[in-house]
Amino acid sequence: MAGVGMAAAAARGPCRRWGWTAVSFGSHRGLCTLLVRKPEKATRWFPACRQKASVSFLSRPDLPKLAYKRLKGKSPGIIFLPGYISNMTGTKALAIEEFCKSLGHAYIRFDYSGVGKSEGNLEECTVGKWRKDVLSIIDDLAEGPQVQKEIEMKGVWSMPSKYNEEGVYHIQHSFIKEAEHHCLLHSPIPVNCPIRLLHCMKDDVVSWHTSIQVADRVVSTDVDVILRKHGDHRMKEKADIHLLVCTIDDLIDRLSTVVT
């Protein structure tokens, strides 16, 4: 992201990872925005408007309170990161708020500590402290697929799922942390036998692209990826089971031929 503001570069990763888009403006000219999608039709320019809601404050233990304004809406949400010593009441911040409001998207604008209506002494501020400000906004105000802070605080993540009677799976933090030691797709997978990967393209839990990645990583040359256009994550339909059984039967014949 070229030409970002002081804290934007440090916060860019978390914003993109957690499903929000960071919008930052430096002291230079030009608009640096990371919008996930462009409107299908030409977008009208929304002029800055007066602030209609009172300023809210995010309280943080041992850290200055941050002044912010939040617009509820759908995902992906937009977070405005002001430039150096700029605040959330600037023309661009207000114009983007009107833009998000017109599309129904969530939006957050705020003041760094020591700037605008936020607490703190500007002379004591650093890029690192402003980076913490951005992360506080993401962790405590942004709504969406963030789960990292909840897991660390509660020790468990309640993952919504339509495949459970409760409508949720309770996943322990220890389970997730230990699983990080078993990631396979970052290097070749030393499995050298016939492999058949069956995947439904309507799987809403694990993307079928994962099977393609696995096929690419395993060292075996006898690898087939079989994609079903219909069917869900469970592959429990009669046609799914039939395909599974036929695939196993084919593998048995193949392996039996090799052995004899």
Side-chain angles (χ1 to χ4, degrees), residues 13-21 36-37 72-77 104-106 138-139 142-259:
C15 292
R16 182 168 58 185
R17 183 175 66 249
W18 288 335
W20 278 71
T21 295
V36 173
R37 67 176 179 82
K72 296 270 188 172
K74 62 186 179 182
S75 180
H105 284 274
I138 294 173
D139 289 338
E143 298 177 355
Q146 298 87 244
V147 298
Q148 181 174 343
K149 185 173 182 180
E150 177 184 354
I151 296 174
E152 293 176 350
M153 293 179 61
K154 298 181 179 179
V156 63
W157 175 36
S158 299
M159 182 183 76
S161 174
K162 65 182 180 182
Y163 301 113
N164 184 283
E165 292 184 358
E166 294 183 47
V168 65
Y169 284 119
H170 301 291
I171 304 177
Q172 298 298 317
H173 183 228
S174 57
F175 181 90
I176 297 175
K177 291 298 294 181
E178 201 277 338
E180 293 177 354
H181 300 294
H182 306 287
C183 296
L184 298 176
L185 297 180
H186 62 279
S187 60
I189 303 173
V191 177
N192 194 12
C193 66
I195 298 173
R196 302 295 179 265
L197 302 170
L198 280 61
H199 214 133
C200 290
M201 298 181 71
K202 293 189 180 297
D203 188 337
D204 59 350
V205 179
V206 180
S207 170
W208 59 268
H209 294 90
T210 302
S211 288
I212 303 296
Q213 291 178 295
V214 172
D216 181 61
R217 287 298 185 182
V218 293
V219 298
S220 174
T221 57
D222 186 0
V223 181
D224 290 340
V225 179
I226 303 172
L227 299 177
R228 288 187 56 75
K229 188 173 183 179
H230 300 287
D232 59 19
H233 176 68
R234 296 174 296 178
M235 291 191 71
K236 294 178 63 175
E237 298 299 323
K238 185 178 296 185
D240 299 331
I241 302 300
H242 179 72
L243 174 61
L244 177 60
V245 171
C246 289
T247 303
I248 294 174
D249 185 52
D250 178 68
L251 275 175
I252 291 175
D253 286 343
R254 183 174 182 79
L255 292 173
S256 298
T257 302
V258 172
V259 171

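Quick caveat, the model's predicted, so the values are computed rather than measured.
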| query | What are the two closest heavy atoms between Val191 and Val218, and how far apart are they? | reply | O-CB, 4.3 Å
| Separation of Leu198 CG from Met235 CE (nearest 0.5 Å) | 5.0 Å
| field | Heavy-atom neighbours of Phe175 CZ exceed 12 at 6.0 Å | value | no
| remark: Interatomic distance, CG@Leu244 vs CD1@Ile248, rounded to 0.5 Å, equals 4.0 Å
| note | Heavy-atom nearest pair, Lys177 first then His181, reads O-CD2, 3.8 Å
| note | Here the gap from Met201 atom CE to Trp208 atom CH2, rounded to the nearest 0.5 Å, amounts to 4.5 Å
| remark: The single option from Val225, Ile226, Ile212, Val206 that satisfies side-chain contact (heavy atoms from CB on, under 4.5 Å) with His199 is Val206
| Atom CG in Leu227, atom CG in Leu197: separation rounded to 0.5 Å? | 9.5 Å
| task | Give the intermediate values and the outcome of side chain to side chain contact (heavy atoms under 4.5 Å, CB included) for residues Asp232 and Lys202. | result | CA-CA 5 Å; Asp232 59 19; Lys202 293 189 180 297; 5.6 Å; no
| Identified side-chain contact (heavy atoms from CB on, under 4.5 Å) partner of Thr247 from the options Val245, Asp249, Asp250, Leu243 | Leu243
| query | What are the two closest non-hydrogen atoms of Leu255 and Pro194, and how far apart are they? | reply | CD2-CG, 3.8 Å
| said: Show every side chain to side chain donor-acceptor pair (under 3.5 Å) that has at least one partner inside residues 235-246, sequence neighbours left out. | reply: Arg228-Asp240
| side chain to side chain contact (heavy atoms under 4.5 Å, CB included) between Thr210 and Gln213, worked out | CA-CA 5 Å; Thr210 302; Gln213 291 178 295; 4.2 Å; yes
| remark: Of all heavy-atom pairs linking Tyr163 and Tyr169, the shortest is O-OH, 3.3 Å
| task | If a pair satisfies salt bridge (charged side-chain N to carboxylate O under 4.0 Å, His left out) and one of its residues is in residues 159-170, list it, with sequence neighbours excluded. | result | Lys162-Asp204
| Looking only at heavy atoms, which two atoms of Ser158 and His170 are closest? And how far apart? | OG-ND1, 3.3 Å
| remark: Note: Gly231 and Cys200 closest approach over all heavy atoms is O-CB, 3.2 Å
